[in-house]
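Here is the structure we will look at, set down as C-alpha coordinates.
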Amino acid sequence: MEHSLAPSALIEGDAEVAPGTTVGPGTWIRFGASLSGSALAGGVFVGFRSRLDGVRVASGCQIASLARMGRPGAAPVTIGPGAWIGARAVVEPGVRIGPGAVVAAGAHAVADVPSDAIVVGRPARVLRHREVVEDGAPDFTATIDRVRARGDAGRAPLPAHWSSAGGGFLDAALSGGPGVSLGAGVIAMGRPDGPSPRGGIRLGARTRLGAGVILEGSGGIDIGPDANLGDGVLVVSSGHDPGRRSLPWQDGPVRIGAGVAIGAGATIVGPCRLGDGAVVAPGSVVVADVPAGGFTTGVIPPTGRAPQAPPPS
(Lines give C-alpha, C1' and ligand atoms only; values in the text may rest on other atoms or scores of the structure.)
Protein backbone atom coordinates (compact mmCIF):
# COMPACT_ATOMS: atom_id res chain seq x y z
CA MET A 1 0.00 0.00 0.00
CA GLU A 2 1.42 3.38 -1.00
CA HIS A 3 1.32 6.54 1.04
CA SER A 4 0.22 9.93 -0.24
CA LEU A 5 2.38 12.92 0.66
CA ALA A 6 1.42 16.41 -0.50
CA PRO A 7 4.36 18.17 -2.16
CA SER A 8 3.98 21.18 0.14
CA ALA A 9 4.20 19.08 3.31
CA LEU A 10 7.40 19.50 5.34
CA ILE A 11 8.66 16.15 6.67
CA GLU A 12 11.89 16.42 8.61
CA GLY A 13 14.69 13.90 8.78
CA ASP A 14 14.23 10.74 10.81
CA ALA A 15 10.44 11.07 10.61
CA GLU A 16 8.75 7.84 9.51
CA VAL A 17 5.60 7.86 7.39
CA ALA A 18 4.46 4.29 6.80
CA PRO A 19 2.60 3.07 3.71
CA GLY A 20 -1.13 3.70 3.93
CA THR A 21 -0.68 7.13 5.51
CA THR A 22 -1.93 10.34 3.90
CA VAL A 23 -0.32 13.72 4.61
CA GLY A 24 -2.11 16.82 3.34
CA PRO A 25 -0.71 20.13 2.04
CA GLY A 26 0.96 22.53 4.44
CA THR A 27 1.41 19.86 7.11
CA TRP A 28 4.62 19.85 9.14
CA ILE A 29 6.00 16.62 10.65
CA ARG A 30 8.96 17.17 12.92
CA PHE A 31 12.12 15.13 13.44
CA GLY A 32 11.60 11.63 14.78
CA ALA A 33 7.80 11.50 14.50
CA SER A 34 6.22 8.19 13.43
CA LEU A 35 2.94 7.82 11.51
CA SER A 36 1.20 4.65 10.39
CA GLY A 37 -2.29 3.97 9.07
CA SER A 38 -3.20 7.62 9.57
CA ALA A 39 -4.77 10.42 7.53
CA LEU A 40 -3.68 14.02 8.14
CA ALA A 41 -5.57 16.86 6.49
CA GLY A 42 -3.86 20.06 5.40
CA GLY A 43 -2.26 22.41 7.89
CA VAL A 44 -1.49 19.90 10.64
CA PHE A 45 1.52 20.12 12.97
CA VAL A 46 3.10 16.98 14.49
CA GLY A 47 5.82 17.50 17.09
CA PHE A 48 9.11 15.77 17.77
CA ARG A 49 8.98 11.99 18.30
CA SER A 50 5.18 11.83 18.43
CA ARG A 51 3.60 8.54 17.38
CA LEU A 52 0.29 8.27 15.51
CA ASP A 53 -1.17 4.84 14.71
CA GLY A 54 -4.58 4.84 13.07
CA VAL A 55 -5.41 8.51 13.60
CA ARG A 56 -7.69 10.76 11.55
CA VAL A 57 -6.57 14.37 11.97
CA ALA A 58 -8.60 17.33 10.67
CA SER A 59 -7.12 20.62 9.45
CA GLY A 60 -5.55 23.12 11.82
CA CYS A 61 -4.70 20.55 14.51
CA GLN A 62 -1.48 20.82 16.47
CA ILE A 63 0.07 17.77 18.12
CA ALA A 64 2.96 18.41 20.48
CA SER A 65 6.15 16.44 21.01
CA LEU A 66 6.05 12.88 22.37
CA ALA A 67 2.27 12.55 22.04
CA ARG A 68 1.04 8.97 21.62
CA MET A 69 -2.24 8.32 19.81
CA GLY A 70 -3.95 5.12 18.74
CA ARG A 71 -2.63 1.63 18.32
CA PRO A 72 -1.98 -0.50 15.22
CA GLY A 73 -5.06 -2.53 14.25
CA ALA A 74 -7.31 -0.87 16.84
CA ALA A 75 -10.27 1.50 16.40
CA PRO A 76 -9.11 4.81 14.95
CA VAL A 77 -8.61 8.01 16.91
CA THR A 78 -10.44 11.02 15.45
CA ILE A 79 -9.21 14.58 16.04
CA GLY A 80 -11.52 17.46 15.10
CA PRO A 81 -10.41 20.68 13.39
CA GLY A 82 -8.37 23.14 15.41
CA ALA A 83 -7.75 20.76 18.31
CA TRP A 84 -4.54 20.95 20.31
CA ILE A 85 -2.87 17.85 21.75
CA GLY A 86 -0.30 18.64 24.42
CA ALA A 87 3.20 17.35 25.02
CA ARG A 88 3.34 13.69 26.08
CA ALA A 89 -0.45 13.38 25.94
CA VAL A 90 -1.84 9.88 25.31
CA VAL A 91 -5.06 9.29 23.37
CA GLU A 92 -6.46 5.76 23.42
CA PRO A 93 -7.90 3.96 20.35
CA GLY A 94 -11.47 4.86 19.44
CA VAL A 95 -11.42 8.22 21.26
CA ARG A 96 -12.84 11.27 19.50
CA ILE A 97 -11.33 14.67 20.26
CA GLY A 98 -13.87 17.38 19.43
CA PRO A 99 -13.17 20.49 17.34
CA GLY A 100 -11.16 23.08 19.24
CA ALA A 101 -10.56 20.80 22.22
CA VAL A 102 -7.32 20.94 24.23
CA VAL A 103 -5.73 17.81 25.67
CA ALA A 104 -3.21 19.18 28.16
CA ALA A 105 0.40 18.14 28.50
CA GLY A 106 0.72 14.69 30.02
CA ALA A 107 -3.04 14.00 29.95
CA HIS A 108 -4.37 10.51 29.17
CA ALA A 109 -7.60 10.63 27.16
CA VAL A 110 -9.57 7.39 27.57
CA ALA A 111 -12.99 8.79 26.58
CA ASP A 112 -14.33 11.26 24.01
CA VAL A 113 -13.46 14.93 24.59
CA PRO A 114 -16.22 17.51 23.84
CA SER A 115 -15.66 20.43 21.48
CA ASP A 116 -13.66 23.29 23.05
CA ALA A 117 -13.15 21.36 26.30
CA ILE A 118 -9.79 21.53 28.08
CA VAL A 119 -8.97 18.19 29.69
CA VAL A 120 -6.19 17.41 32.16
CA GLY A 121 -4.99 14.47 34.21
CA ARG A 122 -4.58 10.71 34.03
CA PRO A 123 -7.28 9.73 33.15
CA ALA A 124 -8.25 13.03 31.54
CA ARG A 125 -11.12 15.04 33.02
CA VAL A 126 -12.70 18.29 31.87
CA LEU A 127 -11.08 21.25 33.61
CA ARG A 128 -13.14 23.88 31.83
CA HIS A 129 -14.34 24.94 28.38
CA ARG A 130 -12.65 27.50 26.20
CA GLU A 131 -14.20 30.94 25.87
CA VAL A 132 -13.03 31.76 22.39
CA VAL A 133 -12.60 34.86 20.26
CA GLU A 134 -13.35 33.73 16.72
CA ASP A 135 -10.31 35.14 14.93
CA GLY A 136 -9.74 32.39 12.35
CA ALA A 137 -8.26 28.91 12.25
CA PRO A 138 -4.70 28.11 13.38
CA ASP A 139 -2.20 28.75 10.59
CA PHE A 140 1.57 28.30 10.76
CA THR A 141 2.33 28.66 7.04
CA ALA A 142 4.68 31.58 7.72
CA THR A 143 6.66 29.49 10.21
CA ILE A 144 7.06 26.65 7.71
CA ASP A 145 8.24 29.13 5.09
CA ARG A 146 10.83 30.54 7.51
CA VAL A 147 12.14 27.06 8.34
CA ARG A 148 12.34 26.07 4.67
CA ALA A 149 14.40 29.18 3.99
CA ARG A 150 17.05 28.29 6.56
CA GLY A 151 20.22 26.91 5.07
CA ASP A 152 21.42 25.40 8.34
CA ALA A 153 18.26 23.80 9.74
CA GLY A 154 19.14 20.95 12.07
CA ARG A 155 22.89 21.60 11.86
CA ALA A 156 23.67 24.04 14.67
CA PRO A 157 27.28 23.71 15.83
CA LEU A 158 28.18 22.74 19.39
CA PRO A 159 29.93 25.43 21.42
CA ALA A 160 33.59 24.84 22.25
CA HIS A 161 34.24 22.47 25.16
CA TRP A 162 30.85 20.75 24.81
CA SER A 163 30.52 17.07 23.93
CA SER A 164 27.79 15.02 22.29
CA ALA A 165 27.11 11.30 21.85
CA GLY A 166 25.69 12.13 18.42
CA GLY A 167 22.42 11.71 16.60
CA GLY A 168 19.43 13.90 17.29
CA PHE A 169 18.61 17.29 15.83
CA LEU A 170 20.28 20.57 16.80
CA ASP A 171 18.47 23.62 15.43
CA ALA A 172 19.02 26.08 18.28
CA ALA A 173 21.16 29.02 19.28
CA LEU A 174 23.30 27.18 21.86
CA SER A 175 25.53 28.91 24.38
CA GLY A 176 26.90 28.45 27.90
CA GLY A 177 29.75 27.25 30.04
CA PRO A 178 32.33 24.52 29.49
CA GLY A 179 31.94 20.82 30.16
CA VAL A 180 28.34 20.47 28.91
CA SER A 181 27.54 16.94 27.72
CA LEU A 182 24.70 15.82 25.46
CA GLY A 183 23.53 12.22 25.40
CA ALA A 184 22.62 10.38 22.22
CA GLY A 185 19.70 11.70 20.21
CA VAL A 186 19.24 15.07 21.94
CA ILE A 187 16.87 17.47 20.14
CA ALA A 188 17.34 21.22 20.67
CA MET A 189 15.49 24.02 18.89
CA GLY A 190 14.90 27.76 19.36
CA ARG A 191 16.60 30.90 18.09
CA PRO A 192 16.41 34.61 18.87
CA ASP A 193 15.38 35.30 15.27
CA GLY A 194 12.20 33.25 15.81
CA PRO A 195 8.98 34.41 17.48
CA SER A 196 10.80 35.73 20.59
CA PRO A 197 14.16 37.50 20.93
CA ARG A 198 14.64 35.41 24.09
CA GLY A 199 14.66 32.26 22.00
CA GLY A 200 17.65 29.97 22.39
CA ILE A 201 19.19 27.55 24.88
CA ARG A 202 21.78 28.57 27.45
CA LEU A 203 23.39 25.81 29.53
CA GLY A 204 25.62 26.30 32.55
CA ALA A 205 28.98 24.62 33.03
CA ARG A 206 28.96 20.85 33.47
CA THR A 207 25.26 20.50 32.72
CA ARG A 208 24.36 16.99 31.56
CA LEU A 209 21.54 16.12 29.15
CA GLY A 210 20.60 12.45 29.04
CA ALA A 211 19.79 10.43 25.94
CA GLY A 212 16.73 11.58 24.01
CA VAL A 213 16.28 14.88 25.85
CA ILE A 214 14.17 17.43 23.93
CA LEU A 215 14.65 21.16 24.58
CA GLU A 216 12.12 23.39 22.80
CA GLY A 217 13.66 26.80 23.35
CA SER A 218 11.64 29.17 21.16
CA GLY A 219 10.68 31.11 24.32
CA GLY A 220 14.08 30.73 25.95
CA ILE A 221 15.55 27.99 28.17
CA ASP A 222 18.23 28.88 30.74
CA ILE A 223 19.81 26.08 32.81
CA GLY A 224 22.34 26.70 35.57
CA PRO A 225 25.62 24.88 36.16
CA ASP A 226 25.79 21.25 37.29
CA ALA A 227 22.16 20.52 36.36
CA ASN A 228 21.30 16.96 35.35
CA LEU A 229 18.42 16.17 32.98
CA GLY A 230 17.67 12.45 32.81
CA ASP A 231 16.94 10.41 29.70
CA GLY A 232 13.88 11.50 27.74
CA VAL A 233 13.24 14.76 29.62
CA LEU A 234 11.17 17.30 27.66
CA VAL A 235 11.44 21.05 28.34
CA VAL A 236 9.02 23.40 26.54
CA SER A 237 9.34 27.19 26.71
CA SER A 238 6.23 28.28 24.82
CA GLY A 239 2.53 27.66 24.37
CA HIS A 240 -0.66 29.02 22.84
CA ASP A 241 -3.44 31.39 23.88
CA PRO A 242 -6.54 29.14 24.10
CA GLY A 243 -8.77 32.23 24.31
CA ARG A 244 -8.42 32.77 20.58
CA ARG A 245 -9.48 30.31 17.91
CA SER A 246 -6.22 30.88 16.04
CA LEU A 247 -4.20 29.64 19.05
CA PRO A 248 -1.55 32.35 18.70
CA TRP A 249 1.96 31.72 19.99
CA GLN A 250 2.87 32.66 23.57
CA ASP A 251 6.30 32.58 25.13
CA GLY A 252 6.80 30.64 28.34
CA PRO A 253 10.44 30.93 29.35
CA VAL A 254 11.94 28.20 31.54
CA ARG A 255 14.64 28.91 34.11
CA ILE A 256 16.31 25.90 35.74
CA GLY A 257 18.72 26.66 38.56
CA ALA A 258 22.13 25.32 39.49
CA GLY A 259 22.37 21.71 40.52
CA VAL A 260 18.77 20.86 39.61
CA ALA A 261 18.10 17.15 39.02
CA ILE A 262 15.23 16.23 36.68
CA GLY A 263 14.31 12.55 36.53
CA ALA A 264 13.93 10.50 33.37
CA GLY A 265 10.78 11.10 31.34
CA ALA A 266 9.77 14.31 33.16
CA THR A 267 8.06 17.15 31.28
CA ILE A 268 8.70 20.81 32.17
CA VAL A 269 6.40 23.40 30.57
CA GLY A 270 6.93 27.14 31.00
CA PRO A 271 6.59 29.74 32.10
CA CYS A 272 8.25 28.38 35.23
CA ARG A 273 11.34 28.53 37.41
CA LEU A 274 13.02 25.62 39.16
CA GLY A 275 15.16 26.92 42.00
CA ASP A 276 18.72 25.87 42.74
CA GLY A 277 18.99 22.29 43.91
CA ALA A 278 15.39 21.37 43.14
CA VAL A 279 14.60 17.72 42.38
CA VAL A 280 11.91 16.60 39.92
CA ALA A 281 10.79 12.98 40.14
CA PRO A 282 10.85 10.79 37.01
CA GLY A 283 7.73 11.06 34.87
CA SER A 284 6.52 14.31 36.46
CA VAL A 285 4.62 17.03 34.58
CA VAL A 286 5.66 20.43 35.96
CA VAL A 287 3.90 23.61 34.80
CA ALA A 288 4.64 25.95 37.73
CA ASP A 289 7.55 27.11 39.88
CA VAL A 290 9.47 24.74 42.14
CA PRO A 291 11.33 26.40 45.06
CA ALA A 292 15.05 26.06 45.66
CA GLY A 293 15.79 22.72 47.27
CA GLY A 294 12.23 21.52 46.66
CA PHE A 295 11.12 18.08 45.53
CA THR A 296 8.14 17.51 43.24
CA THR A 297 6.28 14.70 41.54
CA GLY A 298 4.39 17.22 39.39
CA VAL A 299 3.10 20.77 39.85
CA ILE A 300 -0.14 22.31 38.59
CA PRO A 301 -0.67 25.89 39.80
CA PRO A 302 -3.63 26.70 42.08
CA THR A 303 -5.26 28.80 39.36
CA GLY A 304 -6.01 25.59 37.49
CA ARG A 305 -4.11 26.72 34.40
CA ALA A 306 -4.05 23.84 31.99
CA PRO A 307 -0.56 22.57 31.19
CA GLN A 308 0.47 24.13 27.93
CA ALA A 309 1.40 22.49 24.68
CA PRO A 310 4.28 23.77 22.59
CA PRO A 311 3.61 25.56 19.35
CA PRO A 312 5.36 25.06 16.06
CA SER A 313 8.52 27.13 15.98
Side-chain angles (χ1 to χ4, degrees), residues 1-12 15-87 89-103 107 109 112-119 130 132 134-148 240 242 244-249 309-313:
M1 182 182 296
E2 297 295 325
H3 47 31
S4 175
L5 308 179
S8 62
L10 175 56
I11 302 175
E12 293 180 345
E16 297 181 3
V17 180
T21 294
T22 300
V23 176
T27 286
W28 185 7
I29 301 173
R30 302 232 63 177
F31 182 94
S34 174
L35 285 70
S36 68
S38 297
L40 281 63
V44 172
F45 173 83
V46 179
F48 297 114
R49 294 191 176 127
S50 287
R51 184 178 182 93
L52 282 64
D53 294 301
V55 184
R56 308 291 180 260
V57 186
S59 61
C61 291
Q62 302 188 50
I63 299 166
S65 297
L66 298 175
R68 298 288 183 268
M69 294 189 287
R71 194 157 46 244
V77 170
T78 303
I79 313 247
W84 165 16
I85 311 299
V90 176
V91 181
E92 293 292 341
V95 168
R96 293 176 176 271
I97 308 297
V102 175
V103 178
D112 291 355
V113 177
S115 300
D116 284 332
I118 298 175
V119 299
R130 295 173 64 188
V132 183
E134 299 292 349
D135 62 339
D139 183 4
F140 43 88
T141 303
T143 305
I144 291 179
D145 291 344
R146 184 170 65 245
V147 171
R148 286 188 189 276
H240 298 291
R244 294 167 61 185
R245 182 65 67 196
S246 64
L247 292 172
W249 186 90
S313 44

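This chain uses plain numbering: 1 for the first residue, then up along the sequence. Basis for what follows: all heavy atoms, side chains included, without hydrogens, waters or symmetry-related copies.
- Side-chain contact between R30 and R49 is absent, with no heavy atoms from C-beta onward closer than 4.5 Å.
- Taking both residues in full, the closest heavy atoms of A107 and V119 are given as CB-O, 4.1 Å, listed atom of the first, atom of the second, then distance.
- Nearest heavy atoms, G26 versus S8: N-OG, 3.0 Å.
- For the side-chain contact (heavy atoms from CB on, under 4.5 Å) test, no residue two or more places apart in sequence or in another chain qualifies with A75.
- Taking 4.5 Å as the limit, every side-chain heavy atom of Q62 sits out of range of all side-chain heavy atoms of I79.
- Residues M69 and I63 are in side-chain contact: their nearest non-hydrogen atoms beyond the backbone lie under 4.5 Å apart.
- Partners of R68 by side-chain contact (heavy atoms from CB on, under 4.5 Å), not counting sequence neighbours, listed by chain and number: R51, L66, V90.
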I'd like a table of donor-acceptor pairs (distance under 3.5 Å, sequence neighbours excluded) in which one partner is a side-chain atom from residues 35-48, with atom names and distances.
| from | atom 1 | to | atom 2 | distance (Å) |
| --- | --- | --- | --- | --- |
| S36 | OG | D53 | OD1 | 2.4 |
| S38 | OG | S36 | O | 2.9 |
| S38 | OG | G54 | N | 3.3 |
| S38 | OG | V55 | N | 3.1 |

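- D116 places no side-chain N or O within donor-acceptor distance of the main-chain N or O of R130, the cut-off being under 3.5 Å.
- The heavy-atom pair separating P93 from A74 by the smallest distance is CB-CB, 3.5 Å.
- Listed by first and then second residue, the salt bridge (Lys or Arg N to Asp or Glu O under 4.0 Å) pairs involving residues 38-48 amount to none (not counting sequence neighbours).
- For V17, the side-chain contact (heavy atoms from CB on, under 4.5 Å) partners at least two apart in sequence or on another chain are H3, L5, I11, T21, V23, I29.
- The two residues R244 and V132 come nearest to each other via the heavy atoms C-CG1, 3.8 Å.
- Applying the side-chain contact (heavy atoms from CB on, under 4.5 Å) test to T141 and every residue at least two apart in sequence or in another chain returns D139, D145.
- A pairwise comparison of heavy atoms in A9 and G24 identifies CB-O, 3.8 Å as the closest pair.
- A83 and I97 make their closest contact through CB-CG2, 4.1 Å (heavy atoms, listed as atom of the first residue, atom of the second, distance).
- Between W28 and V147, the closest side-chain pair of non-hydrogen atoms falls below 4.5 Å.
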